[in-house]
Number of protein chains: 2
Amino acid sequence: MDMVERRPRKQSATRLTAGDWTSAALDAMARGGLAAVAVEPLATHLGATKGSFYWHFANRDALIEAALQRWESDHTDAVITLVEAQPDPLARLRTLIAMVMESTAGPQADSIELAMLATASHPHVAPVLARVTERRVAYTAELFEALGLPAVEARHRALLAVSAYLGHAQLAHAAPQVVPGTAAERSAYVDRIIRLVTAPGDDRQE
Amino acid sequence: MDMVERRPRKQSATRLTAGDWTSAALDAMARGGLAAVAVEPLATHLGATKGSFYWHFANRDALIEAALQRWESDHTDAVITLVEAQPDPLARLRTLIAMVMESTAGPQADSIELAMLATASHPHVAPVLARVTERRVAYTAELFEALGLPAVEARHRALLAVSAYLGHAQLAHAAPQVVPGTAAERSAYVDRIIRLVTAPGDDRQE
DNA sequence: GGAGGAACATACGCCACCGTATGGAGGTGC
DNA sequence: GCACCTCCATACGGTGGCGTATGTTCCTCC
């Protein structure tokens with residue numbers, strides 16, 4: 001609720017850059033979804049007016065595109081590079097699942113991700129989301145393959161894992177009381193999930 | 001795209017009921033989300049004017065509440081009663097998972113469900129979604145308990161199963177190309193999921 | 001230290017939707 | 001057949017956001 005302090009220092013920052021607008025757009029998106037990315041409210045929030053905005057951007061759509069693009073690049077690199085630091089595939093998979101699961105918990109969950117999913121049909125959101133999702137599934141499938149699973153099996157488990165993540169994010173958002181609350185419970189739950197999705201390929205008969 | 005035929009017969013149906021408006025509201029929600037539940041567009045779609053609407057409802061919020069209430073009651077009963085027809089817990093679980101997974105496929109997926117998730121933060125949507133979600137998790141956990149799993153374990157698997165469903169719905173919506181396309185592939189994928197979530201409780205050491 | 005452009009503010013018209021006020025059509029009771 | 005109530009149409013004012021036009025400030029370069 002704290003107001004954004006305008007003219008904070010002396011010289012710089014009294015003038016805005018296009019990046020300031022996209023940052024504010026992503027903030028607004030985290031709070032109120034894509035609908036909250038509105039020019040005039042953003043201008044008020046930044047202590048400016050529309051005149052500034054329409055200098056940096058052609059229209060609202062251009063701002064949305066810029067924000068989505070930045071989210072995609074920022075977001076994609078972050079997780080994967082972190083996971084790649086792990087030594088072996090199992091540790092990577094474990095790190096990956098634990099990370100993303102934890103990211104959906106707490107008061108400051110990844111709201112932008114939820115906002116993206118909530119607006120998946122939007123013409124500008126759809127391609128971004130499709131690319132990110134496809135990349136996630138492909139990368140997770142690679143990890144399962146590195147564990148020795150055949151391709152089809154690996155892809156199935158990757159789909160399940162990514163679905164579990166997306167679904168868990170929705171669960172934590174829509175019904176927070178049903179998901180494990182304490183860190184210890186979450187840890188046990190994540191362990192259980194990891195064991196289930198990494199269970200050895202069974203040879204049970206149908 | 002076919003227009004709604006107004007004044008189709010002779011006497012009745014020239015006048016609308018409150019139910020007609022809630023039906024139209026749910027239709028609109030399936031197409032364009034909660035934002036599409038707008039009075040004037042709905043009136044146009046129904047071949048009427050706002051004058052009619054504001055006779056049956058106090059305001060837009062009242063319509064939304066009525067639509068959500070009807071969705072909750074209609075929706076909750078449908079699935080569970082169908083699943084309860086199965087003889088044993090395993091068959092019920094299998095039927096449940098297969099049903100909901102299939103419901104997210106094809107061109108006519110359950111769009112209302114996605115619209116609900118997309119607007120989970122809305123003050124009227126949140127409680128409805130919380131109730132439905134909690135009920136689903138509790139019921140699924142019951143099925144796992146009936147399979148002989150201890151309570152905590154059953155709840156974890158139920159959470160995973162419901163997450164997988166929600167996530168799969170998002171996946172199919174956001175990145176249709178990554179989910180199994182043909183019925184046969186979907187069937188194999190569902191089989192794989194069922195085997196993973198119903199895998200015998202392991203006793204592997206950490 | 002003045003010219004010119006970059007970065008803004010101000011003011012305007014426009015559109016979509018909400019909600020209200022009021023009048024009018026159509027059935028119903030008697 | 002007329003009063004009456006139900007259901008709806010028409011017309012209006014209000015709000016919030018988009019985009020444009022034009023004035024205004026500040027910075028820069030020479």
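Below, chain A is the first sequence line, B the second, and so on; all start at residue 1.
For the pair Phe53(A) CZ and dG17(D) P, the computed distance is 14 Å after rounding to whole Å. Atom pair Leu46(B):CG and dC8(D):P shows a separation of 10 Å (rounding to whole Å applied).
With hydrogens and angles left out, the side-chain atoms of Tyr139(B) and Glu84(B) include a donor and acceptor closer than 3.5 Å. With 3.5 Å as the limit, one finds no donor-acceptor pair spanning the side chains of Ser52(A) and Arg15(A). A donor atom on one side chain and an acceptor atom on the other are not found under 3.5 Å apart for Thr198(B) and Arg94(B).
Here the closest non-hydrogen pair linking Gly181(A) and Glu185(A) is N-OE1, 3.2 Å.
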Run the numbers on Val197(B) and Phe144(B) for side-chain contact (heavy atoms from CB on, under 4.5 Å), then give the verdict. CA-CA 9 Å; Val197(B) 298; Phe144(B) 278 113; 4.2 Å; yes
Output, in order, the C-alpha distance, side-chain angles, deciding distance and verdict of side-chain contact (heavy atoms from CB on, under 4.5 Å) for Ser111(B) and His173(B). CA-CA 9 Å; Ser111(B) 306; His173(B) 184 224; over 6 Å; no
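If Thr49(B) and Ala58(A) are placed on DNA chain D by their nearest nucleotide, the residue sitting closer to the 5' end is Thr49(B).
Residues Met29(B) and Leu68(B) have side chains in contact (heavy-atom distance under 4.5 Å, counting atoms from C-beta outward).
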Hey, what are the protein-to-nucleotides 3-7 of chain D N/O distances that come in under 3.5 Å?
residue, atom, partner, partner atom, Å
dT6(D), O2, Arg15(B), NH2, 3.3
dC7(D), OP2, Trp55(B), NE1, 3.1
dC7(D), O4', Arg15(B), NH2, 2.9

Which atoms of nucleotides 14-18 of chain C (N or O only) lie under 3.5 Å from a protein N or O atom, and what are those distances?
residue, atom, partner, partner atom, Å
dC18(C), OP1, Val39(B), N, 3.3
dC18(C), OP1, Arg60(B), NE, 3.3
dC18(C), OP2, Val39(B), N, 2.7
dC18(C), OP2, Glu40(B), N, 3.2
dC18(C), N4, Glu40(B), OE2, 3.4
dC18(C), N4, Lys50(B), NZ, 3.2

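Looking at Arg92(B) and Glu142(B), no side-chain N of the basic residue comes within less than 4.0 Å of a carboxylate O on the acidic one, giving no salt bridge.
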